[in-house]
**Student:** 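Submitted below is the structure of interest, expressed as structure tokens.
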Amino acid sequence: MMTTTDVVEVLNRLDDAKIENWLDGGWGVDALLGEQTRPHNDLDLIVSVDDVPGVCETLAGEGFQLVTGAPDSNFVLRDRRGREIDVHPVRFDAEGNGIYRMESGDHWVFPASGFAGIGRLAGRDVRCLTADVQMVNHSTGYEPGDTDFHDMRRLNAQFGTTLLPPFDGG
């Protein structure tokens, strides 16, 4: 499990190393909501592919080691306590869009405007994907689980984010 304290600790380490990062997934949603609304198994984190060596080095100092994936695509770091960080490296284009190479080799584009999200965890401002981009990410490319339905409904209730299929009940 990743607690709010764990997430803030990781973000502080990355900030100290001057590594830009954005929360995605469940913690990204909870940051936008300003509170932890459910337990989280991991932390989904977006970073520039150019910063991957620094991310790995910085977090290795905290006991995180690569357990699966590849640093040029999605990869997972885990420490001895079982805390996991799911890292999604992106390559930024000239317009500021983040190009993510998925495990399939296909590319997913995070629009530049999606990196403008600001949330709060434990009284600390954190960068995260916007509510609209979170909705698109969660409604495309995989079969959503119960936590995804919970998260998207919370974003809709707080921000009026349009519920996309399958979250719209249609």
Side-chain angles (χ1 to χ4, degrees), residues 2 4 6-34 36 40-60 62 64-79 83-122 124-142 144-145 147-148 151-152 154-155 159 161 164:
M2 289 289 287
T4 304
D6 294 330
V7 173
V8 170
E9 176 184 307
V10 167
L11 297 179
N12 286 342
R13 296 287 184 236
L14 294 174
D15 287 352
D16 289 348
K18 303 206 181 330
I19 297 171
E20 279 193 304
N21 57 82
W22 294 265
L23 299 182
D24 186 14
W27 276 113
V29 169
D30 278 359
L32 289 169
L33 296 170
Q36 183 175 354
H40 298 276
N41 292 326
D42 65 359
L43 168 63
D44 293 298
L45 197 61
I46 297 175
V47 299
S48 169
V49 71
D50 296 333
D51 287 331
V52 166
V55 168
C56 292
E57 180 180 328
T58 298
L59 296 179
E62 299 301 313
F64 286 93
Q65 300 297 319
L66 179 69
V67 292
T68 187
D72 65 339
S73 182
N74 179 47
F75 63 96
V76 176
L77 302 171
R78 183 183 306 135
D79 71 358
R83 300 180 302 172
E84 288 191 354
I85 303 170
D86 191 357
V87 182
H88 304 272
V90 298
R91 225 175 264 293
F92 288 100
D93 66 15
E95 289 81 39
N97 300 306
I99 314 301
Y100 169 61
R101 189 176 74 77
M102 299 184 294
E103 292 175 46
S104 67
D106 292 336
H107 290 102
W108 177 266
V109 179
F110 294 98
S113 61
F115 292 96
I118 299 293
R120 278 188 84 66
L121 291 175
R124 177 196 194 280
D125 285 346
V126 298
R127 290 178 300 263
C128 50
L129 294 180
T130 62
D132 289 331
V133 169
Q134 289 271 9
M135 182 67 70
V136 171
N137 290 352
H138 283 82
S139 65
T140 309
Y142 72 100
T147 58
D148 298 305
D151 291 349
M152 296 307 102
R154 293 291 305 255
L155 287 179
F159 299 106
T161 306
L164 300 174

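Remember, predicted model here, so these are calculated numbers, not experimental data.
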**Student:** Are any of the side-chain nitrogens in Asp86 or Arg78 under 4.0 Å away from the carboxylate oxygens of its partner?
**Tutor:** no
**Student:** So does Gly96 get a backbone contact from the side chain of Asp93, meaning a donor-acceptor N/O pair under 3.5 Å?
**Tutor:** yes
**Student:** Please find the pair of heavy atoms, one from Thr161 and one from Ala131, that lie closest to each other, and give the distance.
**Tutor:** OG1-CB, 3.4 Å
**Student:** Do Arg13 and Val8 touch side chain to side chain, with heavy atoms closer than 4.5 Å?
**Tutor:** no
**Student:** Any side-chain donor paired with an acceptor under 3.5 Å for Asn12 and Arg124?
**Tutor:** yes
**Student:** If you measure from CG on Leu155 to CG on Asp132, what distance do you get to the nearest 0.5 Å?
**Tutor:** 9.0 Å
**Student:** Working to the nearest 0.5 angstrom, can you tell me the gap between Arg154 CZ and Phe159 CZ?
**Tutor:** 10.0 Å
**Student:** How long is the span from the CG atom in Asp6 to the CD atom in Glu84, to the nearest 0.5 Å?
**Tutor:** 12.5 Å
**Student:** Under the side chain to side chain contact (heavy atoms under 4.5 Å, CB included) rule, what do Val10 and Leu59 come out as? Steps first, then yes or no, please.
**Tutor:** CA-CA 8 Å; Val10 167; Leu59 296 179; 4.1 Å; yes
**Student:** Find the distance between OG1 (Thr4) and CD (Gln36) and round it off to the nearest 0.5 Å.
**Tutor:** 4.0 Å
**Student:** Does the ring-ring contact (aromatic ring centres under 6.0 Å, His included) test come out yes or no for Tyr100 and Trp22, once each step is laid out?
**Tutor:** CA-CA 13 Å; Tyr100 169 61; Trp22 294 265; over 10 Å; no
**Student:** Heavy atoms, side chains only, cut-off 4.5 Å: are Glu62 and Asp79 in contact?
**Tutor:** no
**Student:** If you look at every heavy atom in Asp44 and Gly25, which pair is closest and at what distance?
**Tutor:** OD2-CA, 3.7 Å
**Student:** Could you tell me whether Glu9 and Arg83 have a side-chain N and a carboxylate O separated by less than 4.0 Å?
**Tutor:** yes
**Student:** Determine whether a donor-acceptor pair (N or O, by modelled atom type, separation under 3.5 Å) exists between the side chain of Asn97 and the backbone of Ala112.
**Tutor:** yes
**Student:** Tell me the closest heavy-atom pair linking Phe92 and Ser48, and the distance in Å.
**Tutor:** CE1-CB, 4.0 Å
**Student:** Within the side chain of Ser139, is there an N or O that forms a donor-acceptor pair under 3.5 Å with the backbone of Val136?
**Tutor:** yes
**Student:** With no hydrogens and no angle check, do the side chains of Asp42 and Trp27 hold a donor and an acceptor under 3.5 Å apart?
**Tutor:** no
**Student:** Checking Ser73 side chain against Arg101 main chain: does a donor-acceptor pair fall under 3.5 Å?
**Tutor:** yes
**Student:** Distance from Leu77 atom CG to Leu45 atom CG, nearest 0.5 Å?
**Tutor:** 9.0 Å
**Student:** Less than 4.5 Å apart, side chain to side chain, heavy atoms only: is that true for Asn74 and Met102?
**Tutor:** no
**Student:** Calculate, to the nearest 0.5 Å, the distance between atoms CG and NE2 belonging to Leu129 and His88 respectively.
**Tutor:** 9.5 Å
**Student:** Side-chain contact, heavy-atom cut-off 4.5 Å: Asn21 with Ile46?
**Tutor:** no
**Student:** Mind running side chain to side chain contact (heavy atoms under 4.5 Å, CB included) on Val49 and Val90 for me, showing each step along the way?
**Tutor:** CA-CA 5 Å; Val49 71; Val90 298; over 6 Å; no
**Student:** Side chains of Asp72 and Pro89: closer than 4.5 Å at any heavy-atom pair?
**Tutor:** no
**Student:** Please tell me if the side chains of Leu11 and Leu23 come closer than 4.5 Å, counting only heavy atoms from C-beta onward.
**Tutor:** yes
**Student:** Decide yes or no on side chain to side chain contact (heavy atoms under 4.5 Å, CB included) for Asn41 and Met2, but give the supporting numbers first.
**Tutor:** CA-CA 6 Å; Asn41 292 326; Met2 289 289 287; over 6 Å; no
**Student:** Could you check whether atom CD of Glu57 has more than 12 heavy atoms from other residues, nucleotides or ligands sitting under 6.0 Å from it?
**Tutor:** no
**Student:** Evaluate the salt bridge (Lys or Arg N to Asp or Glu O under 4.0 Å) criterion for residues Asp15 and Arg127: first the C-alpha distance (whole Å), next the side-chain angles of each, then the deciding distance (0.1 Å), finally the verdict.
**Tutor:** CA-CA 11 Å; Asp15 287 352; Arg127 290 178 300 263; 3.5 Å; yes
**Student:** Can you tell me if Arg91 has over 12 outside heavy atoms packed within less than 6.0 Å of its CZ?
**Tutor:** no
**Student:** Could you check if a side-chain atom of Ile118 sits within less than 4.5 angstrom of a side-chain atom of Val126, using non-hydrogen atoms only?
**Tutor:** no
**Student:** Evaluate the side-chain proximity of Ile85 to Val76: yes if any heavy-atom separation is below 4.5 Å, no if none is.
**Tutor:** no
**Student:** I would like to know whether Phe115 and Cys128 meet side chain to side chain contact (heavy atoms under 4.5 Å, CB included); could you show each step before the answer?
**Tutor:** CA-CA 6 Å; Phe115 292 96; Cys128 50; over 6 Å; no
